[in-house]
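The structure appears below as structure tokens.
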Amino acid sequence: MASPDTLAILKDLSKKNGNNACFECGAQNPQWVSVTYGIFICLQCSGKHRGLGVHISFVRSITMDRWKDSEVEKMKVGGNKRAHEFFSSQSDITDNMMISEKYNSRAAALYRDKILALSEKRSWSIESSEARNYCPPQKPVELMKKEITDMKEDFFQKKLQENAQRSADVLPSQGGRYTGFGNAPQPDANRNEDSHEFLTNTWSSLATGWSHFTSGASALASQAGEKAVQLGSAFDSSVLKPSAQQATKLGRYVQETVIKPAKEKVVFPYCVW
């Protein structure tokens, strides 16, 4: 964390020389800086500067980082306004440059050298600067893109070679060959013939089995009907007819021994009108 004295100096500087807005995007109240150029930048742009490397842009937080006296001196001799004026005066700087191109330019190298010299109380001029003959990397952005593209191509080529060596008869989840989304393996003529023969044999077996089943079911139903008729006849002869005869005999017996004697003994009184 910055010391109270350092923090007070930086807070005072942030109010001067256009430092109250980010040097790169204009965001208000920036809390980060590039010590290398003595400029104030926002959090998002500080990430871009970090991506350039510390040899190109050394980034610090106003409040969270420890500060050296030499770093504070660079901020004193710098400032967003002075940086804008210098970069605008250089022919190799344009408004539509990417940040990587801008800070790998001859103008950026000259300004780095200027901030360092002034912070050390040395005089400075372009003619005497050690960076006057600086040659920027040839199209660093394009080179970076080419490297990334080459890396991607090498990676996918390696994966394609590995995939080609896998078996096509095994599922990808089990270590087999991967054919990609929406793609299906080429049909195998022999496999198609075997599948057709298998389906034909299966259908024939099912048809034969169904025929046997229906024939057996018909025979079973016929036998069941005959058994039912026989059982009904036997039940009628052995159960129903004897039961009816017994009931008749019982009725006659009750009539002769109970009902008839009871009627004979009953005497009805004469009715008087």
Side-chain angles (χ1 to χ4, degrees), residues 1-138 140-141:
M1 180 178 291
S3 66
D5 292 340
T6 299
L7 186 58
I9 294 172
L10 294 174
K11 288 292 184 181
D12 182 61
L13 290 173
S14 66
K15 301 174 184 178
K16 303 176 180 179
N17 297 323
N19 297 334
N20 60 340
C22 175
F23 178 78
E24 301 295 346
C25 68
Q28 295 296 308
N29 194 29
Q31 297 297 305
W32 296 78
V33 303
S34 171
V35 177
T36 309
Y37 306 95
I39 56 177
F40 287 74
I41 54 179
C42 67
L43 176 62
Q44 183 176 359
C45 292
S46 72
K48 297 178 181 179
H49 273 259
R50 287 183 186 275
L52 299 172
V54 294
H55 64 293
I56 298 295
S57 182
F58 184 67
V59 178
R60 295 273 87 181
S61 167
I62 294 176
T63 58
M64 295 184 292
D65 290 324
R66 291 183 179 274
W67 285 74
K68 298 178 181 178
D69 292 339
S70 59
E71 296 168 353
V72 176
E73 290 300 319
K74 288 183 179 180
M75 299 306 300
K76 288 180 179 179
V77 299
N80 290 6
K81 182 179 179 181
R82 296 188 183 112
H84 277 301
E85 292 174 350
F86 182 86
F87 281 115
S88 298
S89 66
Q90 301 301 307
S91 60
D92 58 338
I93 298 295
T94 59
D95 294 336
N96 59 351
M97 292 180 71
M98 296 184 66
I99 193 169
S100 57
E101 293 180 288
K102 180 177 180 179
Y103 291 100
N104 278 282
S105 64
R106 177 177 177 270
L110 288 171
Y111 197 67
R112 288 194 294 268
D113 187 56
K114 179 179 182 178
I115 293 295
L116 177 61
L118 296 179
S119 67
E120 295 175 349
K121 305 297 190 292
R122 293 186 287 110
S123 60
W124 182 88
S125 66
I126 294 179
E127 292 74 16
S128 62
S129 173
E130 295 179 356
R132 64 184 182 277
N133 297 321
Y134 178 83
C135 294
Q138 184 178 3
V141 176

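Just so it is clear, the values below take in all heavy atoms, side chains as well, and ignore hydrogens, waters and symmetry mates.
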Going by heavy atoms in the side chains, are Asp69 and Trp67 under 4.5 Å from each other?
no
Side chains of Leu110 and Tyr134: does their closest heavy-atom pair fall under 4.5 Å?
no
I'd like to know if the side chain of Ser105 and the backbone of Lys102 have a donor-acceptor N/O pair within less than 3.5 Å.
yes
Would you say CD of Glu120 has more than 12 non-hydrogen atoms from neighbouring residues, nucleotides or ligands within 6.0 angstrom?
yes
Say you draw a straight line from NZ of Lys68 to NZ of Lys74; how long is it, rounded to the nearest 0.5 Å?
9.5 Å
Measure across Cys42 and Cys22 and return the closest heavy-atom pair with its distance rounded to 0.1 Å.
N-SG, 3.3 Å
Could you walk me through whether Thr6 and Met75 pass the side-chain contact (heavy atoms from CB on, under 4.5 Å) test, one step at a time?
CA-CA 11 Å; Thr6 299; Met75 299 306 300; over 6 Å; no
Between Ser3 and Asp5, a side-chain donor and acceptor under 3.5 Å:
no
Give me the one residue out of Lys48, Gln44, His49 that meets side chain to side chain donor-acceptor pair (under 3.5 Å) with Glu24.
His49
Heavy-atom side-chain proximity of Ser100 to Leu52 below 4.5 angstrom:
yes
In this structure, CD of Gln31 is separated from CD1 of Ile62 (nearest 0.5 Å) by 4.5 Å
Closest non-hydrogen atom pair between Phe86 and Ala107, with its separation
CE2-O, 3.4 Å
Closest heavy-atom pair and its distance - Arg106, Arg132
NE-O, 2.9 Å
I'd like to know if the side chain of Asp12 and the backbone of Ile9 have a donor-acceptor N/O pair within less than 3.5 Å.
no
Quick check: does any side chain N or O of Ser46 sit under 3.5 Å from a backbone N or O of Leu43, one acting as donor and the other as acceptor?
yes
With sequence neighbours excluded, residues passing ring pair (Phe, Tyr, Trp, His ring centres under 6.0 Å) with Phe58:
none
Asp65 side chain vs Arg60 backbone, donor-acceptor pair below 3.5 Å:
no
Not counting sequence neighbours, which residues clear ring pair (Phe, Tyr, Trp, His ring centres under 6.0 Å) with Tyr37? List them please.
Tyr103
Can you see which heavy atom on Pro30 is nearest to which on Phe40, and at what distance?
CG-CB, 3.8 Å
Approximate separation, where rounding is to 0.5 Å, of Ile115 CD1 and Lys76 NZ
14.0 Å
Reported OG-to-CG distance for the pair Ser129 and Leu116, which is rounded to 0.5 angstrom
10.0 Å
Give a yes or no on whether the backbone of Arg82 and the side-chain of Asn17 come within a donor-acceptor separation of less than 3.5 Å.
no
If I take atom CG from residue Asn104 and atom CE from residue Met97, how far apart are they, to the nearest 0.5 angstrom?
9.0 Å
Atom of Arg112, atom of Ile56 and distance for their closest heavy-atom approach:
CD-O, 3.7 Å
Over 12 foreign heavy atoms within 6.0 Å of CG, Asn96
yes
Gly18 backbone acceptor or donor facing Asn80 side chain under 3.5 Å
yes
Output the distance between atom CG (Asp113) and atom CH2 (Trp124), rounded to the nearest 0.5 Å.
6.5 Å
